[in-house]
*Asks:* 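One structure is given below, represented as structure tokens, and several questions about it will come after.
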Protein chains: 2
Amino acid sequence: MSSIYQVAEMAGVSVATVSRVINERGYVSEKTRLKVQEAINILHYTPNQAAQSLTTSSTKLIGLLVPDINNPVFLEQSKGINDYLKEKGYILMYAESGEDDEEMSNMVRRFLSNRVDGMILCSRDFTQFGDMDAIIEPALKNNVHVVLNGYVDSKFEIDRVGFDNVRGAYLATEHLLKMGHSSIALIAGTDSTISEERYRGYREAHIDNHVSLNPALVVKGDFRQHSGYEAMLKILQMNPRPTAVFAMNDVMAIGAMMALEDHKVSVPDEIAVAGFDDIIWCSLIRPRLTSVVQPKYEIGKKLAEFLLSRMNESYSGPGRHEIFGSRLAVRQSTVKSEQQ
Amino acid sequence: MSSIYQVAEMAGVSVATVSRVINERGYVSEKTRLKVQEAINILHYTPNQAAQSLTTSSTKLIGLLVPDINNPVFLEQSKGINDYLKEKGYILMYAESGEDDEEMSNMVRRFLSNRVDGMILCSRDFTQFGDMDAIIEPALKNNVHVVLNGYVDSKFEIDRVGFDNVRGAYLATEHLLKMGHSSIALIAGTDSTISEERYRGYREAHIDNHVSLNPALVVKGDFRQHSGYEAMLKILQMNPRPTAVFAMNDVMAIGAMMALEDHKVSVPDEIAVAGFDDIIWCSLIRPRLTSVVQPKYEIGKKLAEFLLSRMNESYSGPGRHEIFGSRLAVRQSTVKSEQQ
DNA sequence: ATTTTTTGTGTAACATGTTACACAATTTGG
DNA sequence: CCAAATTGTGTAACATGTTACACAAAAAAT
């Protein structure tokens with residue numbers, strides 16, 4: 001790999017001059033500039049970002065940690081982050097943590113070791129980590145800013161971007177109630193703040209609409225497709241059988257729909273189904289899946305925005321907490337054909 | 001950000017000793033080791049990878065360039081790459097090029113500037129770039145290895161991993177012919193090697209099965225969903241109307257199916273549809289989409305494998321070219337119910 | 001007890017850039 | 001035409017690590 005010294009030698013100038021040419025800083029005569037430029041081209045020289053960042057102490061690198069790259073939710077969020085950051089000259093360093101405590105800590109350390117200028121951590125639920133603060137402390141103590149997507153109680157002043165899960169679940173449940181269902185099964189996710197909040201929305205909608213809650217209607221899943229399938233099998237056994245199902249995320253809702261298909265139960269005529277997240281699959285599957293719309297792209301963008309404003313110190317106050325609102329996309333899976 | 005000097009000072013030893021503790025190299029007494037370890041913990045010190053890579057001239061970073069992170073094909077491929085590389089201690093630097101010449105060149109330069117140890121470039125079709133060699137030359141001239149996913153004529157000895165498009169298209173077409181269709185419309189992609197090859201498979205299957213080709217049945221798309229929808233509208237106008245459609249990728253096939261749905265044409269009874277890539281959506285949509293299976297994950301893995309073998313010099317011969325074989329996943333979209 | 005070997009630690013050079021400062025060559029102004 | 005201002009270039013220090021080499025202390029061998 002060629003270095004600035006080789007370029008300097010080939011051009012017959014000092015390294016300082018080469019640096020000036022590259023960074024277009026200070027005085028350089030046209031004649032010299034051309035000589036240097038030519039040497040650079042011949043050697044295919046590119047400045048070593050590592051060495052560069054030693055002096056400038058900025059790498060233009062942002063660490064992004066997501067639990068699962070394959071999950072459409074995080075994917076779209078990443079897209080929002082990437083679009084915003086790329087434009088500002090930053091480049092992303094992706095890493096997958098798989099909702100694992102240890103792994104998460106490792107990747108944060110790895111980011112620090114690469115001297116990222118900042119990092120964005122995403123998780124379905126940070127509360128599961130015994131001590132989230134311990135994970136991010138190394139970053140903060142070294143003045144590397146961190147923003148979070150999700151739920152945390154932190155003693156640090158940290159920016160977070162979240163989503164109004166209570167309201168979202170409320171909307172979906174209310175919609176089902178308004179469609180005349182009074183027995184709505186719930187496919188829940190793993191124990192987490194996110195699940196709790198979505199449950200709360202489900203609950204409140206019942207209360208506000210004077211429909212009594214039946215704990216027997218709650219079946220637990222793990223946010224993955226297969227668990228949705230399994231949960232639906234259990235629901236089909238129930239007696240009396242619920243006429244509607246609300247799944248805490250789309251992937252489980254889709255699993256549930258597959259179970260219904262396999263058992264020749266028609267959606268929405270016999271059982272209506274609603275999901276959460278509004279991933280792209282909702283419009284692909286038939287009947288199309290009613291779902292709570294989460295502005296994933298915008299959430300990503302906001303995360304990036306928060307981070308950058310911290311980094312360039314245009315903001316340095318207490319931890320901000322932006323909660324994005326919900327909207328329900330009503331589709332075929334909850335609207336009987338004669339009602340359409 | 002704390003440095004090795006601060007650790008050394010706090011522990012009352014020299015930087016060399018701290019370095020020894022961190023890298024577990026050379027002799028260090030237990031007592032000293034503990035003192036240093038403690039200082040590291042207090043300061044939350046992490047070695048600066050940038051400085052480290054200055055001396056070791058290895059960053060453990062691999063650049064990965066894909067045209068579109070949102071495309072399920074590249075996504076799964078990335079997963080294969082990531083899984084393989086992560087295990088070996090490498091970390092990925094993702095970048096999106098959007099099938100753009102300029103952008104691609106930029107990102108390669110960016111990778112070099114970050115002194116990646118190697119890079120993997122993916123494209124649907126490299127031939128579209130006027131001079132692909134010019135893009136990768138800076139890397140190769142600096143001894144940074146490059147592997148490609150796709151089609152290129154290069155003067156360099158470069159490893160490539162591809163897929164047998166001719167055979168894949170042949171299988172899909174043959175299947176449709178065997179199902180009794182003699183008039184099969186083709187939704188083609190943008191002009192590219194990939195399209196040419198898939199066309200060749202379509203053509204050869206016709207010839208081998210003694211069915212005459214009808215150029216009027218070919219409609220051009222751009223590999224995106226909407227173009228599949230539009231193409232299908234044109235196909236529906238044809239007279240006589242074809243009884244089957246083969247789309248050069250799944251995304252277009254799905255667009256086509258949506259058009260058929262909107263026009264209440266039943267699949268596969270009135271028109272059979274087959275796609276290419278076997279993305280996850282094939283199993284989500286109804287009827288399930290018959291598609292050519294591309295071992296995306298394995299292709300990603302192979303790319304990573306090729307790269308690493310070049311990097312650690314366990315291989316340094318001429319450019320390898322691995323072509324993965326095809327298989328057809330037959331699903332509902334091409335098999336009439338009474339035949340099931 | 002002396003020599004040899006092993007263990008433990010520090011000094012200084014190097015990897016690749018940036019940049020403050022010094023100095024020389026031009027150009028400008030009176 | 002000479003002082004002042006501007007322009008052009010080099011030297012050397014610094015950023016943060018690794019490591020060869022030197023040297024001292026402790027342990028083992030004779």
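Protein chains get the first letters and strands the later ones, always in sequence-line order, with residue 1 at the start of each.
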*Asks:* Using atom CD of Glu30(A) as one end and atom C1' of dT9(D) as the other, report the distance to the nearest whole Å.
*Replies:* 16 Å
*Asks:* Return the nearest nucleotide to the side chain of Thr55(A); candidates are dT16(C), dT19(C), dT18(C).
*Replies:* dT18(C)
*Asks:* Salt bridge or not for Glu103(B) and Lys86(A), using N-O below 4.0 Å?
*Replies:*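 Yes, charged N to carboxylate O under 4.0 Å.
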*Asks:* Which distance, rounded to the nearest 0.5 Å, do you find between the CG of Leu307(A) and the NE2 of His145(A)?
*Replies:*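 Going from the CG atom of Leu307(A) to the NE2 atom of His145(A) covers 8.0 Å.
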*Asks:* Considering only dG17(C), dT9(C), dT18(D), which nucleotide approaches the side chain of Ala51(A) most closely?
*Replies:* dG17(C)
*Asks:* Arg20(B) has an atom CZ; how far is it from atom C1' of dT19(D), in whole Å?
*Replies:* 9 Å
*Asks:* NZ of Lys31(B) versus P of dA25(D): gap in Å, rounded?
*Replies:*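 Atom NZ in Lys31(B) sits about 14 Å away from atom P in dA25(D).
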*Asks:* Between Ser19(A) and dT18(C), is there a contact of a side-chain N or O with OP1 or OP2 at under 4.0 Å?
*Replies:* yes
*Asks:* Check whether NZ of the Lys or CZ of the Arg Lys301(A) lies under 6.0 Å from the centre of the six-membered ring of Tyr297(A) and within 45 degrees of that ring's axis.
*Replies:*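 Relative to the ring axis of Tyr297(A), which defines the angle, Lys301(A) lies outside at least one limit.
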*Asks:* Using whole Å, what does the distance between atom P of nucleotide dG17(C) and atom CD1 of Ile40(A) come to?
*Replies:* 10 Å
*Asks:* If the threshold is 4.0 Å, N to carboxylate O, is there a salt bridge linking Lys35(B) and Glu38(B)?
*Replies:*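 No.
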*Asks:* Applying a 4.0 Å non-hydrogen cut-off, can you work out what Ser58(B) is touching in the nucleic acid: base, sugar-phosphate, or nothing?
*Replies:* nothing
*Asks:* Would you kindly give the CD-to-C1' distance between Glu24(A) and dG8(D), to the nearest whole Å?
*Replies:* 17 Å
*Asks:* Within the structure, does a side-chain N or O atom of Ser29(B) lie under 4.0 Å from either OP1 or OP2 of dT9(C)?
*Replies:*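 The answer is yes; a side-chain N or O of Ser29(B) sits under 4.0 Å from OP1 or OP2.
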*Asks:* Mind checking if Thr32(A) touches a base, just sugar-phosphate, or nothing, with heavy atoms under 4.0 Å?
*Replies:* sugar-phosphate
*Asks:* Output the rounded distance in Å from NZ (Lys35(A)) to C1' (dT9(D)).
*Replies:* 10 Å
*Asks:* Counting only side-chain nitrogens and oxygens, does Thr17(B) get under 4.0 Å of the OP1 or OP2 atom of dG8(C)?
*Replies:*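 No, Thr17(B) has no side-chain N/O under 4.0 Å of OP1/OP2 on dG8(C).
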*Asks:* Are any of Asn48(A)'s side-chain N or O atoms less than 4.0 Å away from OP1 or OP2 of dA15(C)?
*Replies:*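 False: Asn48(A) side-chain N/O out of range (4.0 Å or more) of dA15(C) OP1/OP2.
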*Asks:* With a 4.0 Å limit, can you tell me whether Tyr27(B) has a side-chain N or O closer than that to the phosphate oxygens OP1/OP2 of dT5(C)?
*Replies:* no
*Asks:* Whether the side chain of Asn142(B) engages the backbone of Met1(A) through a donor-acceptor N/O pair (distance < 3.5 Å, no angle test) should be reported.
*Replies:* no
*Asks:* Counting only side-chain N and O atoms of Tyr5(A), is one of them less than 4.0 Å from OP1 or OP2 of dC14(C)?
*Replies:* no
*Asks:* Has Arg25(A) got a side-chain N or O lying under 4.0 Å from the OP1 or OP2 atom of dG17(C)?
*Replies:*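 Checking Arg25(A) against dG17(C): no side-chain N or O falls below 4.0 Å of OP1 or OP2.
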*Asks:* Output yes when at least one side-chain N/O atom of Ser14(B) is less than 4.0 Å from OP1 or OP2 of dT9(C), else no.
*Replies:* no
*Asks:* Whole-Å distance between dA15(D) C1' and Met1(B) CE?
*Replies:*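 Between C1' of dA15(D) and CE of Met1(B): 14 Å.
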*Asks:* Which nucleotide sits closest to the side chain of Asn23(B): dG17(D), dG8(D), dT18(D)?
*Replies:* dT18(D)
*Asks:* Is there a side-chain polar atom (N or O) of Gln52(A) under 4.0 Å from OP1 or OP2 of dT18(C)?
*Replies:*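 The answer is yes; a side-chain N or O of Gln52(A) sits under 4.0 Å from OP1 or OP2.
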*Asks:* Roughly, in whole Å, what's the span from CD1 in Ile22(B) to P in dT18(D)?
*Replies:* 6 Å
*Asks:* Across the strands shown, which category fits Arg115(A) at heavy-atom distances under 4.0 angstrom: base, sugar-phosphate, nothing?
*Replies:*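 Arg115(A): backbone/sugar contact only, no base atoms under 4.0 Å.
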*Asks:* Choosing from dT16(C), dT19(D), dG10(D), which nucleotide comes nearest the side chain of Leu54(B)?
*Replies:* dT16(C)
*Asks:* Decide, yes or no, whether a salt bridge links Glu96(B) with Lys79(A) under the criterion of side-chain N to carboxylate O below 4.0 Å.
*Replies:* yes
